[in-house]
Amino acid sequence: MAISVQNLLKERRYPFVVSLLLLLLFVAFFVLTTNTSQPPHLYHLPQSSTHPSISQNIPSKARTPPLREIDGKISNSSVDPDSDDSDSGEDLVIDWKACPGPLAVDYIPCLDNWKAIKSLKSRRHMEHRERHCPKPNPRCLIPLPHGYKLPVPWPKSRDMIWFDNVPHLKLVEYKKEQNWVKTSGEYLLFPGGGTQFKEGVTHYIQYIEKNLPKIGWGKRTRVILDVGCGVASFGGYLLDKDVITMSFAPKDEHEAQIQFALERGIPATLSVIGTQRLTFPDNAFDLIHCARCRVHWDGDGGKPLLELNRILRPGGVFIWSATPVYRDDERDKKVWESMVALTESICWKVVAKSFDSSGIGLVIYEKPVSSSCYESRKVNNPPVCDEDAHAKTSWYTPLDGCISRIPTTTTWPTPWPQRLKTKPDGYGLQGFDEDTRKWSEIVTNVYLENLGVNWSNVRNVMDMNAGYGGFAAALTDVPLWVMNVVPVNMPDTLPVIFDRGLIGIYHDWCESLNTYPRSYDLLHSSFLFGNLTQRCEMLDSAVEMDRILRPGGVVIVEDSKEMLKKLRQILRSLHWSTSLHQQRFLVARKGFWRPN
């Protein structure tokens, strides 16, 4: 006979009924709260949030004038009289969602993919600090930190930033004895200290040049890489000497170090020497620096140091300031002996080694200018790379276990600033001089004068499709810096950019960039989207632009009318103000609007 609740009640089996109800409640609770397929709720991105609905098209309405920055605030202002802010098409209405979770304000999709990171088979070689991009791309918008303000302008920002913009205190406490960063009221202060800068970074820079005068800051040495840079004070102070430094560090327990650097207006990027090549070309940097950067150079058969050798210019130097150089305990002696053996095996020569009065020391190695030394070694270990099998790209490419062969026609670049406009040798460049002249005219006659951009408030700039770097070259007299991006599916012009004394990276704009939200004041692209939209959706690119651009920031896009129209519709749906100049240049300004 069927058992019913009514029969049970008649038979007064109350304990059984109560137990049954409790069991059902427990099962329901377990099912609703258990979900192992999602990332931790710190960056929880449910499907409904990552893919907003494009609900309808409505006729375009009158828009407010573009946003401009006045006395630290955003206000409405008009652009030049030649601009066209009318819209003959329709506006998209997109149901944008904010990225949820308490840490969403700093979300970096390809570095915060916890589901992928949790599934890694190994973390021994920093695999968990490398790129693991989610598929499909998240389409939620990054919220602002509470109390966010327009950044402190350069050069004041080198020494102080708003605490509310980067509200992280871990380094303040963790590095308080080393003067990395301090708090003072509403500000974070950067006194110019560091683990190895016991007498300040200015003294340390002078100490390096004293040990090797031929370095010639800002003349012979122009483009350098700072590995494990901390808050990038080394690179920040070298700007005074006309040296541009690519500072990089992983997103790790040193909370927000690269975010601090970018908020200060110092060139920096998130990266790690793990299992893959850094996103730089061969023979790029004049000098590489590591001050207690915590990289095991002899690890994995010496692959980390072989990667530095790949990207260091022939005749360039590597400065290593670390305890194995100047301490005699058993552990440091063992590391030093391994470093001696490894550097000798790749023909690096010690050109200086010294100890400072502050108690620190450094060694400076020089890379050879030809491959002849490799052939004369008694032991062919590590081997010289087979050029036919040697990968030409530096995008998701495994680290080499071999020595990159040095080009036979290698020469040191012309001293800065003549280097900027000197046509690099060995590339068979077509149209280099014309490209330089073209960008000089566009920047001078259009960008600086006629687009309504307040360049005094622009510090961090990214050229999303840099070509030969002509846009950046035309802006060298303006107090800003440019990260030149060469898309991986476009001609490889990044070696030319480094030869000119500029910096840049490879990237695929179908994926998210290795940088924090709100990193840049201005984004620029020239005929990027026609090619890009054949591989991925423009909406994803727009979401990424919104992520990395600061409120009050500007986008300048040169492209076809079709591409400009499509992009303009998406940016308007984000509540950006837009204007069109000469039917050729789209200027868009991001405000403070965020979805609820």
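This one's a predicted model, so the numbers in the text were calculated from it and none came from an experiment.
Cation-pi geometry between Arg264 and Phe190 is satisfied (NZ or CZ under 6.0 Å from the ring centre, within 45° of the ring normal).
Residue pairs meeting the salt bridge (Lys or Arg N to Asp or Glu O under 4.0 Å) criterion with at least one partner in residues 397-414, sequence neighbours excluded, are Arg277-Asp400, Glu375-Arg405.
The shortest side-chain heavy-atom distance between Arg550 and Asn460 falls under the 4.5 Å cut-off. A 4.5 Å side-chain heavy-atom check between Thr202 and Tyr237 finds at least one atom pair inside the cut-off. Between Leu278 and Ile273 the shortest side-chain heavy-atom distance falls below 4.5 Å. At least one side-chain heavy atom of Leu429 sits under 4.5 Å from a side-chain heavy atom of Pro424. With contacts defined as side-chain heavy-atom distances shorter than 4.5 Å, the pair Leu306/Pro382 qualifies.
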inquiry  = Assess the residue pair Trp395 and Asp508 against the criterion (side-chain hydrogen bond (donor to acceptor under 3.5 Å, both in side chains)); give the C-alpha distance rounded to whole Å, side-chain angles, the decisive distance to 0.1 Å, and a yes or no.
reply    = CA-CA 9 Å; Trp395 184 248; Asp508 183 352; 4.6 Å; no
Residue pair Asn531, Asn489: steps toward the side-chain hydrogen bond (donor to acceptor under 3.5 Å, both in side chains) verdict = CA-CA 9 Å; Asn531 180 284; Asn489 63 314; 2.3 Å; yes
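Atom CE in Met545 sits 5.0 Å away from atom CE in Met464 (nearest 0.5 Å). Atom NZ of Lys367 sits about 5.5 Å away from atom CG of Leu312, to the nearest 0.5 Å.
More than 12 non-hydrogen atoms from other residues, nucleotides or ligands lie less than 6.0 angstrom from NE2 of His203. For NZ of Lys333, the number of neighbouring non-hydrogen atoms (other residues, nucleotides, ligands) closer than 6.0 Å is 12 at most. More than 12 heavy atoms of other residues, nucleotides or ligands shown are found within 6.0 angstrom of CZ on Arg535.
Here Phe280 and Tyr506 keep their ring centres 6.0 angstrom or further from each other.
Note on Asp499 versus Lys423: no salt bridge recorded, every NZ/NE/NH1/NH2 to OD/OE distance being 4.0 Å or above. Salt-bridge check for Arg459 with Asp521: failed, with every basic side-chain N at 4.0 Å or more from each acidic carboxylate O.
Between Tyr365 and Phe318, the ring planes lie parallel to each other; the angle is under 30°, not in the 30° to 60° tilted range. Ring geometry for Tyr204 against Phe197 counts as tilted: the plane angle lies between 30° and 60°, on a 0 to 90° scale.
A disulfide bridge does not connect Cys229 to Cys293: their SG atoms sit 2.5 Å or farther from one another.
A pairwise comparison of heavy atoms in Tyr374 and Ile346 identifies CE2-O, 3.4 Å as the closest pair.
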